[in-house]
Structures are given as C-alpha cells and as structure tokens.
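These notes are about the structure you will find just below.
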Amino acid sequence: CPILVGDYLYVYAMSTIYKVDTVSGKVVASGDMDYSSSFAINTPTYADGMIFVALSGGRIQTFDAESLESLWVYTDPLGGQPNCPIAYCDGYIYTGFWNSETKQANFAGISVTDEDPTQTQEAKLAAWTYTHNGFYWAGAYVCDDFLLIGTDDGASGYTTGKPSLLSFNPKTGELLSSYKMNVTGDIRSSITHYNGKYYFTSKGGYFYEATVDEKGTIEDVRTLKLYNYDDDPANPAMSTCTPTIYNG
C-alpha cells in the first residue's frame with residue numbers, strides 16, 4: 001500500500017521503492033531495497049524527512065524521502081516477519097516482528113538518527129528490544145511518557161492462549177506495566193486512544209477498553225465479546241480490526 005506525503009506517493013514492490021508524482025503519475029525517484037518486502041503488508045512510514053520500510057527477515061530500511069537514497073538498515077537478531085505497522089514518536093520508530101504462533105520474537109525501539117551519513121547500508125542497532133510471544137498486525141500507541149502494545153498469545157490457534165498488554169518507557173524500553181488477559185486470542189490490531197481510554201481487538205473475538213495512568217501503569221481492562229451471529233466455542237468470531245473513534 002502507498003503512503004501519501006505532500007504531492008508524492010511512496011510505494012514499494014518486490015525490491016524497489018518508488019516516489020511518484022501524484023499529478024503526473026511519473027516516478028521521480030526510486031531506491032533499491034536490500035531485501036524483498038516478503039510478508040511486509042503495511043504502508044511505509046514517513047517522519048523527519050525519512051521513509052521507513054519493513055523488509056523480510058526482521059529488517060527495517062530507512063530512505064531519504066527526497067532522493068530515496070538508503071540511510072541505514074536494522075536487522076533484528078531474532079528475525080521474523082515484519083507484519084506490524086511502524087510507529088514514530090520523538091526521534092524513534094517502534095515495531096514488532098513475528099516468527100510463529102508458538103515462537104518468540106522481538107518488539108524494538110530504534111533511534112532514527114543516521115549516525116554515519118557516509119554509509120548508505122549502515123547496520124543500525126536498536127535502542128532496545130523486548131522478547132515476547134510475537135507481534136503480528138499489532139500497532140503501538142506511543143507518547144512521550146509510555147508506549148502500549150498488544151501481543152500474540154503464544155499458542156496455536158486462538159482458543160487456548162492468553163495475550164498480554166504491555167507498557168514501556170519509549171526511550172529506554174523499561175517495562176512499566178503488563179496485563180495478562182483473562183480471555184483467549186492474539187491481539188492483532190493497533191491501539192486507538194480516545195478521551196483517556198485505549199481500544200483494541202483480538203482474534204479471540206473480544207473488543208477491549210484499557211485504562212492507563214499518566215505513568216504508563218495499566219489500571220484496568222474491560223472486555224466485550226463479539227458474537228457475529230454465532231457462538232461456537234471451537235470456532236469463535238474473531239477480529240483483527242483497529243477500532244476507529246467517530247463523534248464519541
């Protein structure tokens with residue numbers, strides 16, 4: 001999927017990223033990606049004059065948004081599919097990776113600073129990583145004080161394992177708070193913030209509302225079961241959709 005930044009679309013396919021003029025439709029710049037996009041199924045992320053693209057094998061490559069020259073490449077030590085949206089806040093990007101329903105993978109916080117502008121393929125290191133059951137389609141909510149992210153449940157299927165909601169210090173990766181759900185199913189949506197509450201869904205077929213204080217402590221989580229006209233315990237209704245707030 002493309003991302004629109006000003007008068008340009010940025011879109012990647014196979015091993016190339018393109019910058020397209022929205023008026024003429026002409027490609028005005030292109031860049032070579034170090035690896036294929038593979039299972040990356042999210043749009044690129046734009047911030048601070050840079051484009052961030054998730055690639056196969058737990059990699060993030062960063063390009064100059066003007067020229068599409070490569071700036072640096074992050075390769076996660078645990079690898080994995082790059083299925084999570086890349087969130088940006090105050091000079092850092094945040095994303096998670098996934099290896100399988102039962103294997104662990106990392107969530108990473110990465111400074112966007114280009115430490116060595118002379119190296120277009122600079123090997124970037126994460127500011128911090130956190131290993132858990134894996135992160136799939138899970139987009140973080142992040143602000144200056146804390147970051148919230150939902151996890152997979154660590155079990156095959158979505159009727160036995162229980163996921164977690166995690167809160168971190170965005171700069172250091174310190175785990176501020178964690179909440180183990182009392183219901184089953186991978187959390188595979190991004191987290192939406194509205195009026196002091198945080199909303200997300202799960203493959204177990206639940207809609208969640210979390211209360212988090214200003215220090216990032218998870219105080220309470222409420223659940224609503226989504227039935228979708230069926231109530232089969234062996235094959236429950238699921239959701240991987242990110243909630244959207246409109247008009248209250």
Side-chain angles (χ1 to χ4, degrees), residues 1-89 91-100 105-127 129 134-142 149 188-191 240-242:
C1 296
I3 183 173
L4 178 63
V5 180
D7 294 328
Y8 300 100
L9 283 173
Y10 294 86
V11 61
Y12 61 93
M14 299 302 289
S15 59
T16 306
I17 182 169
Y18 302 95
K19 180 180 180 181
V20 182
D21 186 291
T22 56
V23 176
S24 67
K26 292 182 179 179
V27 174
V28 297
S30 63
D32 293 330
M33 301 191 302
D34 271 14
Y35 303 88
S36 70
S37 55
S38 185
F39 281 91
I41 47 181
N42 293 289
T43 61
T45 294
Y46 170 84
D48 283 357
M50 291 172 280
I51 298 290
F52 307 95
V53 182
L55 303 177
S56 62
R59 298 179 178 92
I60 304 294
Q61 188 167 5
T62 300
F63 298 87
D64 179 270
E66 183 66 27
S67 65
L68 286 187
E69 179 180 60
S70 176
L71 301 177
W72 50 259
V73 181
Y74 169 74
T75 303
D76 192 85
L78 296 185
Q81 295 178 13
N83 298 327
C84 293
I86 299 172
Y88 171 87
C89 182
Y92 288 77
I93 56 170
Y94 304 93
T95 194
F97 304 97
W98 186 86
N99 282 307
S100 80
N106 279 336
F107 189 86
I110 307 165
S111 167
V112 304
T113 301
D114 184 10
E115 285 91 357
D116 188 354
T118 67
Q119 298 292 325
T120 61
Q121 308 300 320
E122 176 187 346
K124 187 74 170 179
L125 297 177
T129 60
F135 306 87
Y136 196 112
W137 292 339
Y141 167 81
V142 59
I149 187 69
R188 293 194 172 179
S189 85
S190 295
I191 295 176
T240 57
C241 291
T242 297

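The analysis underlying the following values was restricted to heavy atoms, covering all of them including side chains, and did not include hydrogens, waters or symmetry mates. Note that this is a predicted model, so its numbers are computed, not measured.
- Taking each heavy atom of Ala105 and Asn99 in turn, the nearest pair found is CB-ND2, 3.6 Å.
- The shortest heavy-atom contact between Val142 and Tyr88 is CG1-O, 4.2 Å.
- Checked against Ile110 for a side-chain contact (heavy atoms from CB on, under 4.5 Å), the options Ile93, Ile86, Leu125 give a single hit: Ile93.
- Looking at heavy atoms from C-beta onward, Leu71 lies out of side-chain contact with Phe63 at the 4.5 angstrom threshold.
- Between atom OG1 of residue Thr129 and atom CZ of residue Phe97 there is a gap of 10.0 Å, rounded to the nearest 0.5 Å.
- For the pair Ile3 and Pro44, the tightest heavy-atom approach, listed with the atom from each and the gap, is CD1-O, 3.2 Å.
- Closest approach of Thr75 to Gly57, counting heavy atoms only: CG2-O, 4.2 Å.
- When every heavy atom of Gly109 is checked against every heavy atom of Tyr94, the shortest pair comes out as CA-CD2, 3.6 Å.
- To the nearest 0.5 Å, atoms CG (Asn42) and SG (Cys1) are separated by 8.0 Å.
- In this structure, the separation between CD1 on Ile51 and OG on Ser70 is 13.0 Å, given to the nearest 0.5 Å.
- In terms of modelled atom types and a separation under 3.5 Å, the side chain of Lys124 and the main chain of Gln61 share no donor-acceptor contact.
- In this structure, OH in Tyr46 is found 9.5 Å from CZ in Phe52, a value given to the nearest 0.5 Å.
- Just one of Phe135, Phe107, Tyr136 meets the ring pair (Phe, Tyr, Trp, His ring centres under 6.0 Å) condition when paired with Trp98; it is Tyr136.
- Under the rule for a side chain to side chain donor-acceptor pair (under 3.5 Å), Asp7 has no partner lying at least two apart in sequence or in another chain.
- Taken to the nearest 0.5 Å, the CH2 atom of Trp72 stands 14.0 Å off from the CG atom of Asp116.
- Listed by chain and number, the residues in a side chain to side chain donor-acceptor pair (under 3.5 Å) with Asp76 are Tyr74, Asn106 (sequence neighbours excluded).
- Counting only heavy atoms from C-beta outward, the side chains of Asp34 and Arg59 never approach each other to under 4.5 Å.
- Thr242 places a side-chain N or O within 3.5 Å of a backbone atom of Ser190 that can act as its donor or acceptor partner.
- The main-chain N or O of Leu55 is never found under 3.5 Å from a side-chain atom of Tyr12 such that the two would form a donor-acceptor pair.
- With rounding to the nearest 0.5 Å, the separation of OG1 in Thr95 from CD1 in Ile60 is 5.0 Å.
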Self-check item: side-chain hydrogen bond (donor to acceptor under 3.5 Å, both in side chains) between Glu69 and Thr120, intermediate numbers included
Solution: CA-CA 7 Å; Glu69 179 180 60; Thr120 61; 6.0 Å; no

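- Using a 4.5 Å heavy-atom threshold, the side chains of Thr62 and Val112 count as separate.
- Contacts classified as salt bridge (Lys or Arg N to Asp or Glu O under 4.0 Å) and involving residues 8-20 (residues at least two apart or in different chains) are given here: Lys19-Glu66.
- Annotation for Met33 and Val53: closest pair SD-CG1, 3.9 Å, computed over non-hydrogen atoms.
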